[in-house]
Structures are given as structure tokens and as C-alpha cells.
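Worth knowing before you read on, the calculation uses all heavy atoms, side chains too, and leaves out hydrogens, waters and symmetry mates. First listed ligand is number 1; within each ligand, the first listed atom is number 1. Just so we're clear, the structure is a prediction, and the values are computed from it rather than from any experiment.
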Amino acid sequence: MSLTEKIPLILDGDPGHDDAIAWVLAKGSGRFDILAVTTAAGNQTIEKTTYNALRVCTLIGLHVPVAKGCPRPLLTDPMNAPSVHGESGLDGPALPEPAFAAQSIGAVELMARVIRSSSEKVAIVSTGPMTNTAAFLMAHPELKSRIRCISLMGGGLLYGNWTPAAEFNILVDPEAAKIVFDSGVPILMSGLDVTEKALVKPADFERIRSLHNPVSDIVWQWLEFFYRFHKTLGYEGAPMHDPCAVMALIHPEVFTMRDYYVQIETCGDYCKGATVPDWYGVTGHAPNACCLMDVNREAFIDCLIDAVSAFKEAGI
Ligand code: BDR
Ligand code: CA
């Protein structure tokens with residue numbers, strides 16, 4: 001991919017502070033042709049994440065079709081994360097009210113229309129439970145080959161964060177994650193292995209605060225809010241889980257990556273929602289995911305700050 005070629009992209013997520021920052025990165029980088037935004041139930045209910053998505057899109061000047069996603073996981077009961085993101089799903093600084101409404105069609109239909117009509121293969125960045133993407137793959141198998149890749153935040157090869165074995169996005173909808181990982185579509189997996197190393201530290205908040213543009217003024221406050229919760233757990237900064245899934249597409253050089261065959265545990269007393277890597281190739285399966293394992297944190301932060309500073313230049 002040349003630096004001038006824009007990647008056609010669908011953003012699917014459950015904003016959420018780190019989802020919102022991922023979308024700021026996607027827009028501010030100038031490296032994507034963002035075709036649509038679809039919302040997932042996860043950090044909060046689908047009503048709340050859709051409202052948040054519209055507010056974030058309004059803030060960053062992302063005027064593309066936004067569609068509401070599936071209201072609940074494929075099989076399991078819904079689960080939200082107010083302890084991390086607040087009751088609104090995006091607590092913290094006041095945001096603009098939506099300048100436009102969500103589409104009358106749902107996320108799966110919008111994904112299908114966008115992917116069908118794109119002249120190039122479309123990437124999906126998935127930063128919430130993968131319900132929409134899985135439902136899309138089941139409903140439109142004929143469009144699978146039109147997906148360039150699914151760059152997702154989910155899982156952790158070594159450990160979880162919502163249970164000892166499972167990360168939140170996978171735990172909320174393990175069946176959906178299994179469909180995605182088993183789909184044969186190229187997968188870039190940003191799991192906790194890397195996202196918990198992609199920390200924005202308090203000194204970095206200051207760099208963003210000093211940019212003084214309408215988006216940076218919100219981003220540093222999101223970071224402070226997000227860090228407040230993580231600090232109580234001993235983190236040295238705010239983990240940029242979801243931005244890793246965007247960064248992997250435009251700055252792969254800041255990451256160390258390894259290919260593994262990753263299976264999703266959909267049941268079990270202790271390990272439901274675990275992402276199980278075949279470290280030694282004992283299953284005989286070819287790898288199905290390119291897994292991000294480590295990050296050059298300083299380079300990552302520089303790229304993120306570049307993207308946030310672009311909003312001033314763009315006059316947004
Ligand atoms: C993931 O869970 C959510 O709370 C975040 O937005 C991120 O997508 C991290 O486990
Ligand atoms: Ca998320």
C-alpha cells in the first residue's frame with residue numbers, strides 16, 4: 001500500500017473512550033476512506049453507543065452513514081461496562097449533540113451495501129463485541145471475499161481482563177468472535193498482549209492538551225477519565241486498546257506481530273471467551289490471525305498525537 005492510497009474502511013465499535021480515540025485516529029490520520037460507521041452493544045446498550053457514535057462523528061466531522069447494530073449478542077445475555085466508561089458509555093467532557101441521525105437500515109445491511117458497492121476491498125475495524133460482523137458474514141457469505149481484512153481489538157493470548165481467561169469484547173459475544181476467527185478473512189488481532197503496552201501516560205496527556213484544537217480538547221479529557229479507572233488497578237497510563245486496531249493498518253512498523261491459529265472458547269466454567277493460540281502448531285491448522293504482540297510505545301504515541309493535531313490543520 002502506498003502512503004497516498006486510502007484504505008476503504010468501516011468502523012464498527014461501541015464508543016466507549018478508546019473506541020472514540022480510535023475513530024479520532026482513523027479520521028485524523030487521513031489514511032482512510034471511511035465509508036460507514038456501525039455500532040455495537042458492549043460498553044453500553046446499543047441505544048447509548050449509537051448516540052455516542054453520532055456525537056463522536058459530529059465532533060470529528062465524520063459525516064458518513066451511521067447504522068445501529070444488533071441490540072444483543074448472538075446467543076448470550078447482554079453485558080455492559082459502566083465501571084470503565086460510565087453510565088453514558090462515554091462519560092467525561094460534554095460533547096456536541098448529533099448533527100445528523102442514524103440510518104433507517106441496520107448495521108448488517110449498511111455493511112452489505114457499502115462492501116457491495118465499493119470498487120476496492122473494504123477493511124473493517126472492529127473495536128467492540130463482534131456481533132455485527134459475525135451476523136454480516138452469516139447473512140452475506142457472497143461478500144466475504146470483498147473484505148480486505150478485519151482488524152479487531154479483542155482477546156488476549158496470555159490472559160483476560162474481564163475474567164482471568166477472557167477479554168471483554170470476546171466475552172460479551174464469544175459465538176460472534178468464533179464466527180469471525182473461523183471465517184477465513186484475514187484477521188489482525190490487537191489483544192491485551194499489545195494493547196496494555198500501548199499506554200498513554202500522564203505526560204502524554206499534556207502533549208495532547210497543549211495542541212488546543214476542538215478535538216484535542218476533548219481527547220485529553222477522555223484520556224484522563226479512562227485513566228482514572230485504570231490507575232486504581234495499577235496501570236501507568238490509559239491503555240489504547242481500540243486505537244491499536246486502527247494503528248495496525250497504517251503503522252504496522254510500530255508493532256511486533258506473530259501469526260497464530262487462534263480458537264475461541266465459547267463455553268466452559270472458567271475459560272468462556274478465551275482466545276486460545278496454537279503456540280506450537282499442534283493442531284495442524286494454518287494460522288488464522290496475525291497477532292500484535294508488542295509495540296514501540298513512543299512511536300505509537302507520536303503517531304496518535306500527529307493524528308489528533310491534524311484537526312487543527314483541517315479546521316474541523
Ligand atoms: C475493550 O473493552 C472495552 O471496554 C474497550 O472499549 C475495548 O474495546 C478492552 O477490553
Ligand atoms: Ca470498544
Side-chain angles (χ1 to χ4, degrees), residues 10-26 37-46 48-53 55-57 69-70 73 78-92 107 124-133 150-174 176-177 180 187-200 219 222-223 225-230 232-233 235 237-248 264 272-275 291-292 295 304:
I10 294 173
L11 292 167
D12 180 65
D14 59 341
H17 298 78
D18 53 337
D19 302 79
I21 295 169
W23 296 2
V24 167
L25 171 62
V37 168
T38 51
T39 61
N43 287 326
Q44 262 301 348
T45 62
I46 197 67
K48 290 183 182 181
T49 59
T50 303
Y51 174 59
N52 292 342
R55 292 194 298 162
V56 172
C57 288
C70 305
M79 194 169 75
N80 305 135
S83 58
V84 186
H85 299 275
E87 279 306 323
S88 72
L90 194 48
D91 279 9
I124 298 174
V125 163
S126 167
T127 57
M130 286 160 232
T131 320
N132 296 330
T133 307
I150 299 170
S151 183
L152 60 90
M153 190 285 137
L157 300 184
L158 291 171
Y159 58 93
N161 61 358
W162 221 254
T163 72
E167 180 278 332
F168 179 78
N169 289 339
I170 308 280
L171 182 66
V172 172
D173 198 342
V180 169
I187 288 174
L188 270 172
M189 172 181 165
S190 297
L192 298 171
D193 317 280
V194 71
T195 67
E196 297 209 324
K197 295 174 189 151
L199 295 175
V200 184
V219 169
W222 280 337
L223 287 165
F225 183 93
F226 202 47
Y227 179 47
R228 217 171 294 149
F229 166 80
H230 290 91
T232 64
L233 302 177
Y235 287 65
M240 290 296 93
H241 301 295
D242 295 341
C244 284
V246 173
M247 196 73 88
I264 309 296
K272 182 179 174 185
T275 40
C291 305
L292 280 61
V295 61
L304 181 63

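- Within ligand 1, counting atoms from 1 as listed, the ones closer than 4.0 Å to a heavy atom of H241 are 9 (C).
- Listed by chain and number, the protein atoms of type N/O/S under 3.0 Å from the Ca ion (ligand 2) are D14 OD1, D19 OD1, D19 OD2, T127 O, D242 OD2; waters are omitted.
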**Request:** Start with the C-alpha gap between M153 and L192, add the side-chain angles, then the distance that decides, and say whether side-chain contact (heavy atoms from CB on, under 4.5 Å) holds.
**Result:** CA-CA 8 Å; M153 190 285 137; L192 298 171; 4.1 Å; yes
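- Minimum interatomic distance between A22 and V246 (heavy atoms only, all atoms of both residues): O-CG2, 3.6 Å.
- Closest heavy-atom contact between V37 and C57: CG2-SG, 4.0 Å.
- Interface of N43 with ligand 1, defined as ligand atoms under 4.0 Å from a residue heavy atom, comprises 3 (C), 4 (O), 6 (O).
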**Item:** Test side-chain contact (heavy atoms from CB on, under 4.5 Å) applied to V295 and C244, step by step
**Value:** CA-CA 9 Å; V295 61; C244 284; 5.9 Å; no
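- Heavy atoms only, all atoms of each residue included: V56 and A20 are closest at CG2-CB, 3.9 Å.
- Scanning both residues, E167 and G154, for their nearest heavy atoms gives OE1-CA, 3.4 Å.
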**Prompt:** Which is it for D242 and W23 under the side-chain contact (heavy atoms from CB on, under 4.5 Å) test, yes or no, and what are the steps along the way?
**Reply:** CA-CA 9 Å; D242 295 341; W23 296 2; over 6 Å; no
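- Among all non-hydrogen protein atoms, the one lying nearest atom 2 (O) of ligand 1 is F168 CD2, 3.5 Å.
- Among protein heavy atoms, the minimum distance from atom 8 (O) of ligand 1 is reached at D242 OD1, 2.6 Å.
- Note on ligand 1: H17 sits outside its first shell, no heavy atom being nearer than 4.0 Å.
- Neither the backbone nor the side chain of T195 comes within contact range of ligand 1; no heavy atom lies under 4.0 Å.
- Ring to ring, F225 and H85 are not that close: their centroids are 6.0 angstrom or more apart.
- Minimum interatomic distance between T131 and D173 (heavy atoms only, all atoms of both residues): OG1-OD2, 2.7 Å.
- Nearest residue to atom 5 (C) of ligand 1 from N161, T127, D14, D18 is D18 (criterion: closest heavy atom).
- Residue-ligand proximity: V84 is placed with every non-hydrogen atom at 4.0 Å or more from ligand 1.
- Ring pair H17/F226 is parallel by interplanar angle, where below 30° counts as parallel and above 60° as perpendicular.
- Of the residues listed (T45, V172, D14), the one engaging N80 in a side-chain contact (heavy atoms from CB on, under 4.5 Å) is T45, and it is the only one.
- Ligand-side atoms of ligand 1 in range of D19: 6 (O), range being under 4.0 angstrom from any heavy atom.
- The distance from ligand 1 to the heavy atoms of E167 drops below 4.0 Å at these ligand atoms: 1 (C), 2 (O), 9 (C), 10 (O).
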